[in-house]
Amino acid sequence: MPSSTNLTAEEGAVTVPRELLANFGPKELVHVPQFITFDEFDGMFTRLKHSAWRLETRRRYASDEATETYAQFAAGEAVVWDLDDPWCVERREQTALEKRFERVRVLDEPPTEGQRYLLDNARRNTAAGEAIRTLARARAEELRLPREDFWVFDARVVALLHFDDDDQMTGVELITSPVEVLPYLQAREAAWHYATPYDQP
């Protein structure tokens, strides 16, 4: 054995074939999407412990346009929001438990009709206990925020929302790996810092 090794007289060396290292050595982590049902996603809003935060990035949501309130808005009428519907009741119950619900809505300049509808809708969100801020799309791009919608629950789980080309939500992907969650937490901090309350010019 060469004298240049750091082995003691009692130690021995083993030669490992290169092929063995190639086949069984550490490999790059492969991301396998984990999707949950819409019912499971809905349940996350009552099971959370302290906070839920959303980034809204889309120019329109097809589900909004199917509502009676959207028809009122599109017709130029004053929108009548039902503050006692199940969604509002649930939000008020959760905020009464000192849980936080916050959103940042990315807006084009000028805002699209769908975005203007959501600005009106923010009155309903606020009445139910959510905090809503807005951020110009140009600023969001400068900050390199994600272009997809997502929720962060309790600063440790991300629900990534998937949409099709018709702006219909098609699925919810759950992200729980701390390494994969971290960029979304960083995006949340940047977006919330630079966004402004929806009712301020």
Side-chain angles (χ1 to χ4, degrees), residues 41-42 44-46 48-65 67 69-70 73-74 78-79 81 83 87-88 90-163 167-169 172-176 178-201:
F41 176 54
D42 288 340
M44 295 178 72
F45 291 93
T46 54
L48 64 91
K49 294 181 179 179
H50 57 75
S51 64
W53 187 95
R54 178 173 179 175
L55 181 67
E56 292 183 345
T57 67
R58 302 186 69 81
R59 292 177 169 86
R60 66 183 286 265
Y61 295 88
S63 58
D64 288 342
E65 296 174 8
T67 63
T69 51
Y70 194 94
F73 176 82
V79 180
W81 300 106
L83 300 182
W87 185 90
C88 289
E90 179 184 284
R91 279 295 192 275
R92 287 199 299 270
E93 290 174 346
Q94 293 300 306
T95 54
L97 297 173
E98 299 185 351
K99 298 179 184 181
R100 257 185 6 262
F101 294 86
E102 300 168 336
R103 302 184 194 226
V104 168
R105 289 177 169 154
V106 175
L107 301 179
D108 288 273
E109 298 176 298
T112 65
E113 181 176 76
Q115 292 167 349
R116 288 188 289 107
Y117 169 78
L118 288 176
L119 285 173
D120 195 309
N121 174 263
R123 295 187 292 117
R124 170 181 177 253
N125 292 72
T126 303
E130 290 194 351
I132 312 293
R133 294 185 182 183
T134 62
L135 185 68
R137 188 171 301 279
R139 188 58 163 153
E141 291 175 351
E142 289 176 2
L143 296 171
R144 298 184 179 180
L145 298 182
R147 295 187 177 185
E148 63 267 18
D149 283 31
F150 64 90
W151 280 95
V152 177
F153 292 92
D154 293 331
R156 64 181 184 84
V157 175
V158 171
L160 187 62
L161 309 185
H162 289 256
F163 293 81
D167 300 302
Q168 293 278 5
M169 190 165 73
V172 180
E173 179 184 350
L174 208 60
I175 300 175
T176 57
V179 173
E180 295 180 86
V181 168
L182 179 59
Y184 293 96
L185 298 181
Q186 293 171 329
R188 179 193 64 178
E189 293 304 307
W192 193 250
H193 176 76
Y194 287 101
T196 56
Y198 81 95
D199 54 355
Q200 290 186 7

Taking side chain as C-beta onward, heavy atoms only, is [X] less than 4.5 Å from [Y]?
X: Val152; Y: Val157; result: no
X: Arg188; Y: Glu102; result: no
X: Thr196; Y: Thr134; result: yes

Counting only heavy atoms from other residues, nucleotides and ligands, does the tally under 6.0 Å from CZ of Arg147 exceed 12? no
Does atom CZ (Arg144) have a neighbourhood of more than 12 heavy atoms from anything else shown, all under 6.0 Å? no
List the steps and the verdict of side chain to side chain contact (heavy atoms under 4.5 Å, CB included) for Arg124 and Leu83. CA-CA 7 Å; Arg124 170 181 177 253; Leu83 300 182; 4.1 Å; yes
Show, in sequence, the C-alpha distance, side-chain angles and deciding distance for Val172 and Leu160, and conclude whether the side chain to side chain contact (heavy atoms under 4.5 Å, CB included) test is met. CA-CA 6 Å; Val172 180; Leu160 187 62; over 6 Å; no
Where do Trp53 and Glu189 land on the side chain to side chain contact (heavy atoms under 4.5 Å, CB included) test, with the steps shown first? CA-CA 10 Å; Trp53 187 95; Glu189 293 304 307; over 6 Å; no
Can you tell me how far [atom2] of [Y] sits from [atom1] of [X], rounded to the nearest 0.5 angstrom?
X: Thr57; Y: Gln115; atom1: OG1; atom2: CD; answer: 9.5 Å
X: His162; Y: Asp149; atom1: NE2; atom2: CG; answer: 11.0 Å
X: Trp151; Y: Leu174; atom1: CH2; atom2: CG; answer: 14.5 Å
X: Asn121; Y: Thr126; atom1: CG; atom2: OG1; answer: 9.0 Å
X: Asp42; Y: Trp87; atom1: CG; atom2: CH2; answer: 12.0 Å
X: Thr112; Y: Arg58; atom1: OG1; atom2: CZ; answer: 11.0 Å

What's the shortest heavy-atom distance between [X] and [Y], and which atoms?
X: Thr67; Y: Asp64; value: OG1-O, 2.6 Å
X: Ala128; Y: Thr95; value: O-OG1, 3.9 Å
X: Pro111; Y: Arg116; value: CB-CG, 3.8 Å
X: Ala155; Y: Ser51; value: N-OG, 4.3 Å
X: Leu55; Y: Ala191; value: CD1-CB, 4.4 Å

Donor-acceptor pair, side chain of Lys99 and main chain of Thr46, under 3.5 angstrom: yes
Starting from the C-alpha separation in whole Å, work towards a yes-or-no answer on side chain to side chain contact (heavy atoms under 4.5 Å, CB included) for Val104 and Tyr194. CA-CA 10 Å; Val104 168; Tyr194 287 101; over 6 Å; no
Do the numbers put Arg91 on top of the ring of Phe101, so that NZ or CZ is under 6.0 Å from the six-membered ring centre and no more than 45° off the axis? yes
Within 45° cone of Trp192 ring axis and under 6.0 Å: Arg133 NZ or CZ: yes
With a 6.0 Å cut-off on the ring centroids, do Tyr117 and Tyr61 count as close? no
Can you say whether the rings of Phe41 and Phe45 are parallel (under 30°), tilted (30 to 60°) or perpendicular (over 60°)? perpendicular
For Glu130, run the side-chain hydrogen bond (donor to acceptor under 3.5 Å, both in side chains) check against Arg100, Arg54, Arg103 and tell me which one passes. Arg103
